[in-house]
Amino acid sequence: MIEVNSETDFCAKNDDFLAYVRELAVVVEKSNPANIEAVAALPMNGSTAEDVRTQLVGKIGENITPRRFVRLAAQGKLASYVHGSKIGVIVDVVGGDDTLGKDIAMHIAAAKPKALDASGVDAELIETERRVAIERAKENGKTGDMLEKIAEGTVNKFLKEVTLLSQVFIKADDGKQTVEQLLKSKSATINGFTLFVVGEGIEKKVVDYAAEVAAAAKV
């Protein structure tokens, strides 16, 4: 799975752009580059991936940038789901069937878990939740041991919300069955997953158009 950024949705829907992204994904799968920087030098259409990208930029008139990729070797069977070309999921399911894999992939796209279980959650995120909980508790007049109990409860709630196995399955009939319970009922496990949200983590420039107009009027 590869994320390729463009400047506008118009470019992202362009047939030439889509063909380039699909072919680039095949090239990455076959060549297994060490990182995204190494993708530029990969052979593609009798040239290099960078040359093909440059030609496409000139044709479409927008900057196009391969940003990241993941290349997985499955322990079980890989299932995938793409939502509107902006959310992509690959999940490695051991056991179960194709329907289970697809359902889990769709769940990940919708619920956006940060990790499979608590052991995979960034310690900094956990500490932030703990610190904020303690600060709020203090503001509400709590002191002593109560602060730690409140912090612990907040962290546990947070981990249930952001870890895949603890999340309530989006298609659960009773609205209570967790992903972990679903997997057990199908004699299946998840080895791992990758979730890409296009543009996630990229700082977007905030443009104050009113200020720009006002400044231009003074020139």
Side-chain angles (χ1 to χ4, degrees), residues 1-33 35-40 42 44-45 49 52-53 56-57 59-60 62-117 120 161-165 167-172 178-180 182-183 186 188-204:
M1 179 167 64
I2 186 166
E3 175 185 344
V4 180
N5 296 155
S6 62
E7 295 181 48
T8 67
D9 285 342
F10 174 79
C11 176
K13 296 176 181 177
N14 180 282
D15 288 341
D16 290 332
F17 174 83
L18 294 173
Y20 159 74
V21 174
R22 284 193 292 268
E23 188 167 356
L24 187 61
V26 172
V27 168
V28 169
E29 190 278 326
K30 290 182 178 179
S31 300
N32 191 21
N35 49 47
I36 194 64
E37 289 74 23
V39 170
L42 296 180
M44 187 173 178
N45 291 346
V52 174
R53 185 195 72 83
L56 187 59
V57 167
K59 182 177 182 179
I60 295 179
E62 287 192 23
N63 193 26
I64 296 168
T65 310
R67 184 189 177 207
R68 54 181 173 169
F69 71 87
V70 61
R71 185 178 182 277
L72 300 178
Q75 289 189 14
K77 188 172 183 179
L78 292 179
S80 63
Y81 176 70
V82 176
H83 182 75
S85 79
K86 292 189 176 181
I87 299 176
V89 176
I90 295 180
V91 57
D92 182 2
V93 181
V94 181
D97 53 24
D98 291 342
T99 298
L100 176 65
K102 190 73 171 182
D103 282 347
I104 295 296
M106 291 178 67
H107 171 95
I108 293 170
K112 298 180 179 60
K114 296 183 181 298
L116 181 62
D117 55 32
E161 292 173 349
V162 302
T163 53
L164 176 58
L165 295 180
Q167 290 178 334
V168 174
F169 180 48
I170 58 171
K171 295 175 68 175
T178 65
V179 172
E180 184 173 30
L182 170 65
L183 291 167
K186 302 291 185 179
T189 59
I190 293 177
N191 181 52
F193 71 89
T194 298
L195 165 67
F196 280 177
V197 178
V198 171
E200 185 178 38
I202 298 177
E203 291 186 11
K204 296 183 178 179

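Note that the structure is predicted; figures quoted are calculated from it, not measured.
Closest heavy-atom contact between His107 and Gln167: NE2-OE1, 2.8 Å. Closest heavy-atom contact between Pro66 and Tyr20: CG-OH, 3.5 Å. Minimum heavy-atom separation, Val52 to Met44: CG2-O, 3.7 Å. When all heavy atoms of Leu42 and Pro33 are compared, the pair lying nearest together is CD1-CG, 4.0 Å. The shortest non-hydrogen separation linking Val93 to Ala188 is CG1-CB, 4.3 Å.
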>> Applying side chain to side chain contact (heavy atoms under 4.5 Å, CB included) to Phe69 and Leu24, what does each step give before you reach the verdict?
In response: CA-CA 10 Å; Phe69 71 87; Leu24 187 61; over 6 Å; no

>> If you apply the rule side chain to side chain contact (heavy atoms under 4.5 Å, CB included), what do you find for Leu165 with Leu116, and how did you get there?
In response: CA-CA 6 Å; Leu165 295 180; Leu116 181 62; 3.8 Å; yes

> Which is it for Ile87 and Lys112 under the side chain to side chain contact (heavy atoms under 4.5 Å, CB included) test, yes or no, and what are the steps along the way?
Replying inline: CA-CA 10 Å; Ile87 299 176; Lys112 298 180 179 60; 3.8 Å; yes

> Are Leu182 and Leu100 close enough, and set up right, to give a side chain to side chain contact (heavy atoms under 4.5 Å, CB included), and what steps lead you there?
Replying inline: CA-CA 9 Å; Leu182 170 65; Leu100 176 65; 3.8 Å; yes

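Put simply, CG on Asn63 and CG on Asn5 are 9.5 Å apart, with the number rounded to the nearest 0.5 Å. Atom CZ in Phe17 sits 9.5 Å away from atom OG1 in Thr8 (nearest 0.5 Å). Atom CZ of Arg22 sits about 13.5 Å away from atom CD1 of Ile2, to the nearest 0.5 Å. Distance check, rounded to the nearest 0.5 Å: CG of Asp92 to CG of Leu72 gives 7.5 Å. Interatomic distance, Leu195 CG to Tyr81 OH, rounded to the nearest 0.5 Å: 12.0 Å. In this structure, CG on Asp16 lies 9.0 Å from CD1 on Ile64, to the nearest 0.5 angstrom.
Judged purely by atom type and a 3.5 angstrom limit, Asn35 uses its side chain to pair as donor or acceptor with the backbone of Ala38. Counting only distance, with no hydrogens or angles, the side chain of Glu62 and the backbone of Ser6 share no donor-acceptor pair below 3.5 Å. For the pair Glu3 (side chain) and Gly199 (backbone), a donor-acceptor distance under 3.5 Å is present. Formation of a donor-acceptor pair under 3.5 Å by the Lys77 side chain with backbone atoms of Gly95 is not found in this model. Judged by distance alone, the side chain of Arg68 and the main-chain N or O of Ile36 form no donor-acceptor pair under 3.5 Å.
With contacts defined as side-chain heavy-atom distances shorter than 4.5 Å, the pair Lys186/Thr99 does not qualify. In this structure, Arg53 and Val4 have side chains that are not in contact, with every pair of non-hydrogen atoms separated by 4.5 Å or more.
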